[in-house]
Every structure is written in C-alpha cells, then in structure tokens.
Amino acid sequence: MNMIAKLDTDITPGGPDYDTVRRVIELISEEYRDQPSLEAIAARLNQSPTQLQKTFTRWAGLSPKAFLQAVTLDHAKRLLRKEEMPLLETSIEVGLSGPSRLHDLFVTHEAMSPGEWKAKGGGLTIRYGFHNCPFGAALVMVTDRGLAGLAFSDSGDEKACLEDMTCRWPNAEYIEDRQGTAPYAERIFQPGRWTSDQPLRVVLIGTDFQVRVWQSLLKIPFGKAVTYSDIARDIGRPTAMRAVGAAVGANPISFVVPCHRALGKNGALTGYHWGLTRKRAMLGWESAHA
DNA sequence: GTTTTCGTTATTG
DNA sequence: CAATAACGAAAAC
C-alpha cells in the first residue's frame with residue numbers, strides 16, 4: 001500500500017504552470033499514437049524543453065515522456081490485467097453501508113433512502129465551495145451526512161460546473177461555505193493523510209441501480225482499472241454493461257468514487273463527464289504514484 | 001485491422 | 001412509449 005508522500009500544491013488552476021500541464025496532457029491525449037518527443041511538445045507550446053520537463057514533473061511526479069507511456073492503450077490494458085482472480089469479487093466486502101478502502105483513502109459510505117432520492121434533495125442542506133486541486137478547480141459539496149458531491153472545472157467555467165451539480169438535486173438548499181468544505185478538499189487531495197482511523201464519510205444519492213454501481217467502483221484498488229462489463233457482472237446484471245456506463249457517468253462524487261478507473265474492454269477510455277483529458281490525467285497521475 | 005449493426009437495459013421526456 | 005447512452009460482441013468491409 002503505497003502512500004503518496006506529498007501532493008504538490010503549487011500548481012494551481014488558473015496559474016500559468018497549471019495551464020501548461022493541462023495543455024501537455026491534452027496534447028498527449030490526442031497524439032499519443034505518434035509518441036511525440038519532449039522537444040516536439042515543448043516546441044508546440046513555445047517553451048523550452050527543460051523548463052517544460054521541470055514544470056510537468058513537479059505536477060505529475062514523472063516526465064512527459066513517461067506520462068505518455070502511461071497513457072498508452074498498451075498500458076491501460078495492463079491496468080485491466082487481473083493478476084489473480086478477483087479484484088472486484090474478492091475485494092473487501094462492502095455492505096450497503098459499511099467501510100471500504102479505496103485507493104488508500106478510507107471511506108465509509110451510505111446510500112440515501114429511495115424516498116430521499118425521490119425528493120430530489122428536498123429537505124437537504126448542501127454546503128459547497130471551490131478548491132484548488134491537481135485536476136483543476138474542485139467543487140466540493142457536503143451534507144451533514146458526509147461528502148455528497150465532487151466535481152471539476154477549469155478556471156472560468158465554475159458557474160456551469162456548479163449548475164451541473166445543483167441540477168441533480170434541484171430541491172436542496174445550497175449554501176456557499178468554503179470554510180466548511182475546505183477540510184474535505186484537503187483530506188481528499190493530500191494522500192499523505194489517507195488513514196483508516198477516521199474514514200471519510202460519503203453519502204451516495206442516486207437510484208438503487210446507480211448506488212450499486214458506485215459501490216462496485218469503490219472496490220477498485222488504486223492504480224487499477226476494470227471494465228464496464230466487469231462492473232455489470234459484479235452487481236449481478238451481466239448484460240447491463242451499457243446501463244452501467246450511464247450510471248458510472250452519473251457518479252456525483254468523481255475521483256473519490258473512482259469512475260476514472262472504468263475503461264472499455266479493449267482499454268480505451270470511452271468517456272468522462274468532466275472531460276477525457278482529466279480522466280487521462282487522473283490515470284496517468286495514479287500510475288505515477290502507484 | 002477497422003467500421004457498422006445490433007443486442008441490452010436503466011434512465012428521461 | 002420512444003429516445004438515449006461513458007458498452008460490447010459479432011458481422012461486414
């Protein structure tokens with residue numbers, strides 16, 4: 001169980017370095033087939049190779065070249081490779097409401113009752129705030145029962161991001177409270193603090209089917225990946241892989257519920273609500289720190 | 001190999 | 001009820 005020593009926080013959304021990193025990943029995502037060299041990438045961004053190397057490595061913990069490797073189809077397939085049997089099946093048993101360990105972040109989760117789900121958030125008070133994280137501006141949403149939402153945006157479209165999330169539970173009451181949400185953000189994005197003695201509490205608000213899918217996602221270990229059909233099988237509905245995809249995409253607590261670890265059967269990244277670039281960034285980042 | 005076609009199923013309008 | 005979707009397998013090029 002590797003603990004990530006420390007997460008660099010000096011590359012923040014909106015800053016020039018963050019933008020550089022984002023563009024590098026974007027470029028790599030689109031052209032990884034051509035295996036562009038560091039020089040080529042730097043030239044495209046009008047930067048010196050050494051400068052770029054330094055900036056990127058500070059963010060990812062590995063060079064652009066190595067990141068490119070990590071993002072290749074070939075590598076994605078390796079993540080899928082099930083060395084032993086299980087992964088999902090033998091993972092720590094998670095009940096409807098119980099502790100589980102996801103990528104070394106310890107989490108207890110509970111599901112909302114169907115009634116509460118139908119109320120579309122009615123009677124629920126949700127405090128929210130934006131915080132900087134390695135993957136952009138993170139929108140953190142918490143209720144008195146725990147973390148309920150986590151979304152991402154690039155600087156500029158925070159408004160759309162917030163709207164995207166509030167639309168999911170239109171009847172809830174929303175209060176901006178960065179003070180209140182800050183501890184969650186720190187906890188989530190500082191892996192050094194991932195401990196089991198005080199698990200992160202999350203509350204899953206969704207349909208019965210969705211909640212089952214999300215619980216399945218929570219069983220995927222850090223740095224690994226599974227297939228949509230793996231999940232379908234795990235929840236006892238082996239032919240519902242497509243519906244699983246929809247449910248994964250509807251996951252309101254991205255990253256914490258690691259929906260970025262769900263790949264197509266051939267290792268292709270099939271989609272991501274917050275942008276494929278971000279999905280690749282997360283997978284590459286995890287590969288680097290695994 | 002790659003593209004198209006069709007089966008499946010939980011949501012949404 | 002019809003349309004849709006972050007899939008997948010099989011058929012067809």
Side-chain angles (χ1 to χ4, degrees), chain A residues 25-26 29-35 71-77 79-82 87-88 96 102-103 111-122 135-136 139 149-154 157 160-161 163-172 204-220 224-287:
Chain A
I25 295 173
E26 198 165 40
S29 298
E30 286 162 10
E31 304 179 23
Y32 67 91
R33 270 167 262 264
D34 304 334
Q35 298 279 306
V71 145
T72 299
L73 252 192
D74 192 46
H75 182 267
K77 287 184 190 150
L79 295 182
L80 291 172
R81 192 186 56 187
K82 320 182 183 353
L87 212 70
L88 285 178
L96 239 260
L102 77 124
H103 58 48
M112 279 231 142
S113 72
E116 288 171 307
W117 162 242
K118 267 184 297 183
K120 294 190 183 301
F135 307 109
L139 171 59
L150 179 58
F152 296 95
S153 74
D154 292 312
D157 48 315
C161 175
E163 192 175 340
D164 183 315
M165 292 304 286
T166 53
C167 280
R168 302 181 186 217
W169 313 298
N171 297 334
L204 305 174
I205 311 176
T207 67
D208 179 59
F209 181 80
Q210 287 169 338
V211 169
R212 291 219 306 279
V213 169
W214 300 337
Q215 287 173 337
S216 200
L217 286 174
L218 282 172
K219 295 195 262 180
I220 312 171
K224 294 284 184 182
V226 298
T227 305
Y228 292 98
S229 50
D230 285 339
I231 299 171
R233 187 158 14 88
D234 184 55
I235 64 175
R237 191 91 6 79
T239 56
M241 38 218 160
R242 190 144 186 196
V244 165
V248 171
N251 163 34
I253 319 180
S254 85
F255 188 69
V256 170
V257 175
C259 53
H260 55 282
R261 298 195 197 126
L263 310 179
K265 190 148 236 180
N266 58 356
L269 281 65
T270 36
Y272 195 67
H273 189 81
W274 308 108
L276 276 178
T277 298
R278 218 180 304 271
K279 185 170 185 174
R280 233 176 270 272
M282 288 176 181
L283 286 168
W285 185 84
E286 287 193 354
S287 297

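Every value quoted in this text rests on a predicted model; they were computed, and no experiment measured them. Residue numbering restarts at 1 for every chain, and letters A, B, ... go by the order of the sequence lines.
By the 4.0 Å N-to-carboxylate-O rule, A:K77 lies too far from A:D74 to be salt-bridged with it. Comment: A:D234 engages A:K219 in a salt bridge, judged by a side-chain N to carboxylate O separation of less than 4.0 angstrom.
Under the rule for a side-chain contact (heavy atoms from CB on, under 4.5 Å), A:A246 has no partner lying at least two apart in sequence or in another chain.
DNA chain B is contacted by A:A240, A:R242, A:A243 of residues 240-252 of chain A, taking any non-hydrogen atom closer than 4.0 Å.
Under the 4.5 Å side-chain criterion, counting only non-hydrogen atoms from C-beta, A:V248 is not in contact with A:V257. With contacts defined as side-chain heavy-atom distances shorter than 4.5 Å, the pair A:F209/A:I235 qualifies. With contacts defined as side-chain heavy-atom distances shorter than 4.5 Å, the pair A:H260/A:S254 does not qualify. The shortest side-chain heavy-atom distance between A:R261 and A:M282 does not fall under the 4.5 Å cut-off. Side chains of A:I231 and A:V213 form a contact here, defined as non-hydrogen atoms less than 4.5 Å apart.
Side-chain N/O atoms of A:H273 and A:D164 include a donor and acceptor closer than 3.5 Å. A donor-acceptor contact closer than 3.5 angstrom links the side chains of A:S113 and A:E116.
The span of DNA chain C lying next to chain A, judged by atoms under 4.0 Å from heavy atoms, is bounded 5' to 3' by C:dA5 to C:dA9. Nucleotides of DNA chain B with any atom under 4.0 Å from a heavy atom of chain A span, from 5' to 3', B:dG7 to B:dT11.
Looking at which nucleotide of DNA chain C each of A:K279 and A:K265 is closest to, the 5′-most match is held by A:K279.
In this structure a side-chain-to-backbone donor-acceptor pair under 3.5 Å is missing from A:E286 to A:L283. A:N251 places no side-chain N or O within donor-acceptor distance of the main-chain N or O of A:W214, the cut-off being under 3.5 Å.
Among the protein residues, A:F209 comes within range of the sugar-phosphate backbone only, with heavy atoms under 4.0 Å from sugar or phosphate atoms but none that close to a base.
Stems are defined here as 3 or more consecutive Watson-Crick or G-U wobble pairs with pairing distances under 3.5 Å; those involving DNA chain B are B:1-7 with C:7-13, B:9-13 with C:1-5.
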Table please: side-chain donor-acceptor pairs of residues 274-281 of chain A below 3.5 Å, with sequence neighbours left out.
from: A:R278; atom 1: NE; to: A:W274; atom 2: O; distance (Å): 3.1
from: A:R278; atom 1: NH1; to: A:F135; atom 2: O; distance (Å): 2.3
from: A:K279; atom 1: NZ; to: A:A262; atom 2: O; distance (Å): 2.9
from: A:K279; atom 1: NZ; to: A:G271; atom 2: O; distance (Å): 3.1
from: A:R280; atom 1: NE; to: A:S29; atom 2: OG; distance (Å): 3.3

